[in-house]
Amino acid sequence: MNKVEHIGIAVSDIRIAGGVYEKLLNTTIYKTELVEQEGVETAFLKTGPNKVELLQAIDDNSSIAKFIAKRGEGIHHIAFDVDDIVAEMERLKQEGFVLLSDKPKPGADNKLVCFVHPKSANGVLIELCQSIVG
Ligand SMILES: CC[C@@H](C(=O)O)C(=O)SCCNC(=O)CCNC(=O)[C@H](O)C(C)(C)COP(=O)(O)OP(=O)(O)OC[C@H]1O[C@@H](n2cnc3c(N)ncnc32)[C@H](O)[C@@H]1OP(=O)(O)O
Ligand SMILES: [Co+2]
């Protein structure tokens, strides 16, 4: 596993939260993207080498809607960059982690992603991300 790729933050209103994070980080949102398969609208900000992903639910079935209903807004997941997501998924499975999909799926920002259940990672939802090249 490589560096932290982004920190995902669950928000109720991405426009309001976007303004707050633009002020906080003294930067502007460089990309917004709707990821329908995940039921989310996203907005990305960069600070130094780090990325923050704001996530708003687009419907009540979204993981983000459930998370906010249960826990309120806040840090939702930590994403790690990987070179070979299939190999990393296999390694984590062998180590006993619970993966939330059998195969990588399309994420935001030209990535293939897979999630590790928070119950198998000390209460933190982990995302693996591999950049799609080309
Ligand atoms: C934009 C695409 C992509 C990217 O490219 O970056 C994204 O980031 S998408 C982000 C949104 N998508 C996901 O989160 C997909 C993976 N998540 C899931 O599959 C589910 O959210 C889940 C983790 C399996 C939980 O779903 P479910 O079991 O239906 O919900 P519960 O509310 O019953 O939760 C069970 C249990 O887990 C705790 N929980 C839930 N979410 C989190 C979390 N983010 N961090 C820590 N813990 C979490 C929840 O509180 C429950 O615990 P108990 O209350 O102790 O039972
Ligand atoms: Co993410």
Side-chain angles (χ1 to χ4, degrees):
M1 252 192 242
N2 304 322
K3 69 181 178 85
V4 170
E5 212 285 328
H6 63 264
I7 304 226
I9 300 179
V11 303
S12 303
D13 185 318
I14 202 158
R15 268 147 276 280
I16 293 174
V20 171
Y21 275 82
E22 284 185 329
K23 272 192 217 151
L24 180 76
L25 302 176
N26 196 18
T27 187
T28 49
I29 289 168
Y30 69 90
K31 180 171 190 173
T32 58
E33 189 175 343
L34 182 69
V35 185
E36 286 192 46
Q37 311 91 293
E38 291 296 326
V40 295
E41 194 179 340
T42 63
F44 287 93
L45 303 103
K46 272 188 195 144
T47 176
N50 304 306
K51 263 165 74 178
V52 170
E53 176 187 64
L54 303 177
L55 300 137
Q56 181 188 324
I58 56 170
D59 59 52
D60 290 347
N61 294 323
S62 161
S63 299
I64 298 300
K66 286 192 197 164
F67 178 88
I68 289 180
K70 218 168 195 173
R71 296 166 164 238
E73 293 181 296
I75 293 181
H76 178 259
H77 63 267
I78 300 179
F80 291 93
D81 175 65
V82 298
D83 295 327
D84 181 343
I85 195 167
V86 173
E88 202 58 31
M89 286 170 69
E90 189 50 41
R91 183 184 75 77
L92 293 179
K93 232 190 295 177
Q94 295 299 325
E95 294 284 5
F97 290 92
V98 177
L99 302 183
L100 288 164
S101 61
D102 292 336
K103 290 183 191 160
K105 44 188 189 167
D109 217 14
N110 283 326
K111 302 278 189 298
L112 285 174
V113 304
C114 174
F115 288 88
V116 178
H117 201 291
K119 295 287 177 199
S120 67
N122 299 83
V124 178
L125 177 64
I126 303 292
E127 177 183 340
L128 309 179
C129 288
Q130 180 187 328
S131 291
I132 302 170
V133 228

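In listed order, ligands and their atoms are each counted from 1. Hydrogens, waters and symmetry mates are skipped; everything else that's a heavy atom, side chains included, is used. All values derive from a computational prediction rather than experimental measurement.
Contact annotation: E33 has no heavy atom less than 4.0 Å from any atom of ligand 1. Taking a 4.0 Å cut-off on heavy atoms, K111 fails to register as neighbouring ligand 1. A heavy-atom separation below 4.0 Å is not found between A79 and ligand 1. Remark: distances from the non-hydrogen atoms of Q37 to ligand 1 are all 4.0 Å or more.
Counted within 6.0 Å of CD on E36, heavy atoms from surrounding residues, nucleotides or ligands total 12 or fewer; the atom is thus considered open.
Atoms of ligand 1 lying under 4.0 Å from at least one heavy atom of T42, given by number and element, are 1 (C). Listed by number with element, the atoms of ligand 1 under 4.0 angstrom from any heavy atom of A108 are 1 (C), 2 (C), 4 (C), 5 (O). Heavy-atom proximity to E53, at under 4.0 Å, picks out these atoms of ligand 1: 1 (C), 4 (C), 5 (O), 6 (O), 7 (C), 8 (O). Close approach of ligand 1 to E127 (heavy-atom distance below 4.0 Å) involves ligand atoms 3 (C), 4 (C), 5 (O), 6 (O), 7 (C), 8 (O).
Contact annotation for H76 and ligand 1: heavy atoms of both the backbone and the side chain come within less than 4.0 Å of the ligand.
Ring-plane geometry between H77 and F115 is classed as perpendicular, the angle between the planes exceeding 60 degrees on a 0 to 90 degree scale with a lower cut at 30.
Checked by atom type, the side-chain pair E53/H76 shows no donor-acceptor distance below 3.5 Å.
Angle NE2(H77) to the Co ion (ligand 2) to OE1(E53): 90° [nearest 10 degrees].
Residue H6 places at least one N or O, backbone or side chain, under 3.5 Å from an N or O of ligand 1.
The pair K93-E95 does not count as a salt bridge, with every side-chain nitrogen at least 4.0 angstrom from each carboxylate oxygen.
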